[in-house]
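Order of the sequence lines sets the chain letters (A, B, ...), proteins ahead of strands, with each chain counted from 1. Here the structure is a predicted model, which means the values were calculated and not measured.
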Protein chains: 2
Amino acid sequence: MAMTTDVHVRDLRYFVTVAEELHFTRAAERLYVSQPALSKQIRALERQLGVELLRRDRHSVALTAAGAALLPHARRVLEAWARGASAMEQARAAQRSTLVVGMSTSPGRGGLLPAIRSRFTSAHPEAAVRLRQVGWQDPSAGLADGDADVAFVWLPLPDQDRYAWIVVAEEPRHVALPESHPLAARSEVDFTDLADEPFLALPESAGPLRDYWLALDERAGSPPRIGAEIASTEETYEALVAGLGVCLVAAGNVPLLTLGGVVTRPVRGVSPSRYALAWRKEDQRPLVRAYTRACRQVRDGTGRR
Amino acid sequence: MAMTTDVHVRDLRYFVTVAEELHFTRAAERLYVSQPALSKQIRALERQLGVELLRRDRHSVALTAAGAALLPHARRVLEAWARGASAMEQARAAQRSTLVVGMSTSPGRGGLLPAIRSRFTSAHPEAAVRLRQVGWQDPSAGLADGDADVAFVWLPLPDQDRYAWIVVAEEPRHVALPESHPLAARSEVDFTDLADEPFLALPESAGPLRDYWLALDERAGSPPRIGAEIASTEETYEALVAGLGVCLVAAGNVPLLTLGGVVTRPVRGVSPSRYALAWRKEDQRPLVRAYTRACRQVRDGTGRR
DNA sequence: TACGGTGACAACCGATGGCTATGACGACGG
DNA sequence: CCGTCGTCATAGCCATCGGTTGTCACCGTA
């Protein structure tokens, strides 16, 4: 007999209405339920509480002492929950009108983000855009776990069939080296010269993207040596100056690493990298569609103002 | 899509617990439910509210903004309901420890009530006794509709198989007459002399009791003339002085009617009336049993102090 | 590489909460 | 006086809910 004292808010609402009307049939109408249903629920509530709340007297209904005692508390519960429900209403609205943009590193690239944003907000002035930095463990930059609604990512993505994307930049890849490295003397390097260097690699969880930045495709089967794993720009920089290895980097990201002690050189013999805006393929929400449309327009220079 | 915003208080309790533990399995233990049940309920709550409350991150659980917004409201609802539940607890206790004694007219009869009460309260000091006056429409004096837990009634009762009783007084019946009535000159009358008089009768709803006070049994088939219906001592007195009829009255109730203009005379040829304490046969509650026991002891003079 | 611990999912089952149809019963009007 | 109306209660039905046990997928760790 574990006496759950929990109650359904609906039952309290029913009770309060009957207490106000002192009339089951009328109360049932106000509540949009049938009279028997209301009758049964009130009896169930009385049974649950072990107390007679209403005295039914053939042609009249009256509150008992217990019913009168319950009424104010029931009203307080209803009111408290009304506030909670309205908070949820707000949360729902906020969720509906907030777009979270995931990204691993700053997209930069010539005002891409501000341009998209300006188009987007002109189409949806009520919407808020939140940027969210996501570590490199997640190559989908938050799309996978719902942290982000759209995201700037490097191709290729894992689970390609779950996402759609628009390529926003195609950039040649450079190599980043400590400035003391022998190859730093060259102004340009062949990838074959790098194949035996220790590489800095993305985390395992990055899947095909890790392989891509190791340029696995260009290595004819011989596996790369891994100098260290990196999950952020800062880690990468530290690993480079510490001499743990070298790594490929998109041309657009070169400025993020060349702070001192690190140099970058163009690489021949590797495919260019592709940077894209991605979203969950089945996600049809207006804000998502508007953002991707804005992005496509910016890329294509459509309707430039 | 009538969006019931109602929520089960249990679900809020579940949510608050998970929000406190940030751990489903531990929360489930605290709540004494299985982990899948808890998981499902929380998801259902999220679905109902159309909002993500908790972010499950494989090896960690965190509140979302919506969850954080809900938490205080949920706590307020729980607290409001806790007060309500405790009020119901009190009401239950009060109901359990209050005995309602129904009666049609004052039992009087030599301190019967105080004697019973004193025995009763010495056995149940925590209990409260409430007396309740009931109109003569209800011959069970409130037992039938639950207004009373025990009641002082005149036999015979309707629905005899629903009640048990102890006879507390057996009194000869007198007749009450306006003092101007021819029979008022006699010091005693035969019922046969009364048979053709108009009688004051109890309401139809009194059932066999109405017939009893009309002394139907003594009338060999010829039906009585009804002068008026009466439902209280005052009505009876007024009807008597107005000359609407005569009526039988228990010896113990004679003082209630002989106020002026009305006289009473003993009646030969009618059975004595029986006054009883009655209760619902299936009612085994301790207070009811204690009261009837006290009554029996007082009647039998057992353990007189 | 096996293991322990996490939350999610599936299948099942009794209770709940709603409906319609009907019943009992007092009030009221012809 | 009798039929009808209005009231709340009951019965029988059905979908959904809220719980169970059993299992899985996943991850961190020994």
Between CG of Leu22(B) and P of dG7(C) the distance, given in whole Å, is 10 Å
Considering only heavy side-chain atoms of Arg10(B), the closest of dG18(C), dT20(D), dG18(D) is dG18(D)
By nearest-heavy-atom nucleotide on DNA chain D, the more 5' of Lys40(A) and Val61(A) is Val61(A)
Side-chain atoms of Thr25(A) come closest, of dT7(D), dG17(C), dG18(D), to dT7(D)
Checklist entry - Under 4.5 Å between any side-chain heavy atoms of Trp136(B) and Glu235(B), yes or no? => result no
Students often get this wrong, so: under 4.0 angstrom with heavy atoms, is Gln41(A) touching a base, only sugar-phosphate, or nothing? sugar-phosphate
Atom CZ of Arg47(B) and atom P of dC9(C) are separated, to the nearest Å, by 13 Å
Atom CD of Gln48(A) and atom P of dT16(C) are separated, to the nearest Å, by 9 Å
When Phe24(A) and Pro36(B) are each assigned the nearest nucleotide of DNA chain D, the 5'-most assignment goes to Phe24(A)
Between CD1 of Ile42(B) and C1' of dC17(D) the distance, given in whole Å, is 15 Å
ask   = So, is Tyr32(B) close to the dG18(D) phosphate, meaning a side-chain N or O under 4.0 Å from OP1 or OP2?
value = no
Any side-chain N or O of Ser34(B) below 4.0 angstrom from OP1/OP2 of dT21(D)? no
In whole angstroms, the gap separating C1' of dG18(D) from NE2 of His8(B) amounts to 10 Å
Do Leu12(A) and Arg75(A) have side chains that get closer than 4.5 Å, going by heavy atoms?
no
Scanning both residues in full, the closest heavy-atom pair of Ala28(B) with Leu38(B) reads N-CD2, 3.4 Å
Rounded to whole Å, the CG-P distance (Asp6(B) to dG17(C)) equals 12 Å
From CG of Leu38(B) across to P of dG7(C) the rounded distance in Å is 9 Å
- So, is Arg56(B) near the phosphate of dT6(C), with a side-chain N or O under 4.0 Å from OP1 or OP2? no
When rounded to whole Å, the CD to P distance for the pair Gln35(B) and dC24(D) reads 15 Å
Among the nucleotides dC8(D), dA10(C), dG7(C), whichever has the atom closest to the side chain of His23(B) is dG7(C)
Side chain to side chain contact (heavy atoms under 4.5 Å, CB included) between Arg10(B) and Gln41(B): does it pass, once the steps are laid out? CA-CA 9 Å; Arg10(B) 178 200 44 238; Gln41(B) 284 309 98; 4.0 Å; yes
Are OP1 or OP2 of dC8(D) and a side-chain N or O of Arg43(A) less than 4.0 angstrom apart? no
- Item | Side chains of Ile226(A) and Leu214(A) in contact at under 4.5 Å (non-hydrogen atoms) | yes
